[in-house]
Novice: 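Here's a structure for you.
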Amino acid sequence: EYLFELGVARGVISLPAPRMLALGAPTAESAESANIFTQIVVEPEIVLVSRDLFVSGHYSHAVQEAYKAVEKFVAEKSCKTDLSGTTLMELVFSPKAPLLSWTEQRSQSEKDEQAGYHRIYSGVMLGIRNPIIHEFNWVQEPDVALELLALAQHLLRKGKLTTARL
């Protein structure tokens with residue numbers, strides 16, 4: 001069946017009608033995972049980009065989009081939209097001269113917090129976001145996806161608490 005035909009230079013190009021992705025009927029396990037998702041993942045930026053993907057069983061893509069949302073938030077808040085991934089996080093959360101920080105870094109605990117989250121943000125870009133982008137179906141289990149989505153949400157929330165030191 002054809003959606004429409006287009007006459008071009010005395011010829012006719014017939015384009016096939018688009019096909020819909022056939023998703024299986026929801027199972028009890030996927031319904032339970034979807035319910036857990038709605039209880040755990042509540043930050044609008046994460047929900048918007050990952051809920052439908054997660055509920056339809058596209059766990060890897062849901063996680064990918066969540067980490068891209070974290071990355072986008074950090075880039076925009078730090079005014080470093082020309083950078084991405086580990087490079088962005090290394091610069092923005094650098095313990096020595098952070099563009100975004102949580103404190104004035106006066107005490108050792110405040111310095112440790114900055115250094116620790118610097119490593120976490122950089123680490124998730126390297127160890128989670130990059131493999132998900134470059135590997136097909138890197139996350140296949142809903143439980144693993146929920147754990148990674150919860151971490152992305154935590155990082156987004158933590159990022160919202162930063163002060164820009166531009």
Novice: Does some side-chain heavy atom of S84 sit less than 4.5 Å from a side-chain heavy atom of E71?
Specialist: yes
Novice: Can you label the angle between the W102 ring and the Y117 ring as parallel, tilted or perpendicular, going by 30° and 60°?
Specialist: tilted
Novice: With no hydrogens and no angle check, do the side chains of H61 and E65 hold a donor and an acceptor under 3.5 Å apart?
Specialist: yes
Novice: Looking at S101 and P98, would you say the former's side chain and the latter's main chain have a donor-acceptor pair under 3.5 Å?
Specialist: no
Novice: Taking atom CG of L88 and atom CE of M125, what is their separation to the nearest 0.5 Å?
Specialist: 8.0 Å
Novice: State plainly whether the residues R165 and E104 are in salt-bridge range, i.e. N to O under 4.0 Å.
Specialist: yes
Novice: Using side-chain heavy atoms (C-beta onward) and a distance below 4.5 Å, is L99 in contact with K80?
Specialist: yes
Novice: Which heavy atom in A34 sits nearest to a heavy atom in V55, and how many Å separate them?
Specialist: CB-CG2, 3.9 Å
Novice: Are the side chain of E110 and the backbone N or O of R106 linked by a donor-acceptor pair below 3.5 Å?
Specialist: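 Here the side-chain-to-backbone pair exists.
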Novice: Would you say the side chains of N35 and Q39 form a donor-acceptor pair under 3.5 Å?
Specialist: no
Novice: Counting only heavy atoms not in K77 (residues, nucleotides, ligands), do more than 12 fall under 6.0 Å from its NZ?
Specialist: yes
Novice: If we only count heavy atoms from C-beta on, is the L151 to V124 side-chain gap below 4.5 Å?
Specialist: yes
Novice: Rounded to the nearest 0.5 Å, how far does CG of L100 lie from CE of M89?
Specialist: 9.5 Å
Novice: Can you check whether V74's main-chain N or O pairs, donor with acceptor, with Y121's side chain at less than 3.5 Å?
Specialist: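 No; zero donor-acceptor contacts below 3.5 Å.
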Novice: Enter the distance from E90:CD to R119:CZ here, rounded to the nearest 0.5 Å.
Specialist: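 Separation between the atoms: 9.5 Å.
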Novice: Testing the basics here: between L166 and C79, what is the closest heavy-atom pair and its distance to 0.1 Å?
Specialist: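 Looking at all heavy atoms of both residues, the closest pair is CD1-SG, 3.7 Å.
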Novice: Sequence neighbours excluded and cut-off under 3.5 Å, please list the side-chain donor-acceptor pairs for residues 134-142, or say none.
Specialist:
{"residue": "Q140", "atom": "NE2", "partner": "N137", "partner atom": "O", "Å": "3.2"}

Novice: Using the ring-ring contact (aromatic ring centres under 6.0 Å, His included) rule, take F54 and Y59 through it: C-alpha gap first, then chi angles, then the decisive distance, then the call.
Specialist: CA-CA 5 Å; F54 181 87; Y59 306 120; 5.1 Å; yes
Novice: What are the two closest non-hydrogen atoms of V92 and S78, and how far apart are they?
Specialist: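 It is CG2-OG, 3.4 Å.
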Novice: For the hydrophobic clusters of this structure (ILVMFWY residues joined by side-chain heavy atoms under 4.5 Å, transitively), does one cluster hold both V49 and I128?
Specialist: no
Novice: For R157, what residues pass the salt bridge (Lys or Arg N to Asp or Glu O under 4.0 Å) criterion, not counting sequence neighbours?
Specialist: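 In terms of salt bridge (Lys or Arg N to Asp or Glu O under 4.0 Å), with neighbours along the sequence ignored, R157 is linked to E43.
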Novice: Given 3.5 Å as the limit, does a donor-acceptor pair link the side chain of S56 with the main chain of L53, or not?
Specialist: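 Looks like yes, one N/O pair under 3.5 Å.
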Novice: Within this structure, what is the CD-CD distance for the pair Q105 and Q114, rounded to the nearest 0.5 Å?
Specialist: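 Rounded to the nearest 0.5 Å, the CD-CD separation comes to 4.5 Å.
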Novice: Output yes when a side-chain donor or acceptor of T87 lies under 3.5 Å from a complementary backbone atom of L83, and no otherwise.
Specialist: no
Novice: Between V42 and I36, is there shared hydrophobic-cluster membership here, with clusters defined by ILVMFWY side-chain heavy atoms closer than 4.5 Å?
Specialist: no
Novice: With rounding to the nearest 0.5 angstrom, report the OG to CD1 distance, S33 to I40.
Specialist: 9.5 Å
Novice: Kindly give the heavy-atom pair with the smallest separation between I46 and A69, and that separation in Å.
Specialist: CD1-CB, 4.3 Å
Novice: A side-chain contact here means heavy atoms from C-beta on lying under 4.5 Å apart; do K72 and E45 qualify?
Specialist: no
Novice: Calculate, to the nearest 0.5 Å, the distance between atoms NE2 and CZ belonging to H118 and F93 respectively.
Specialist: 9.5 Å
Novice: Verify the cluster assignment for V144 and F37: are they in a single hydrophobic cluster under the rule of side-chain heavy atoms below 4.5 Å apart?
Specialist: yes
Novice: Do V63 and S50 come close enough that some side-chain heavy atom pair is under 4.5 Å?
Specialist: no
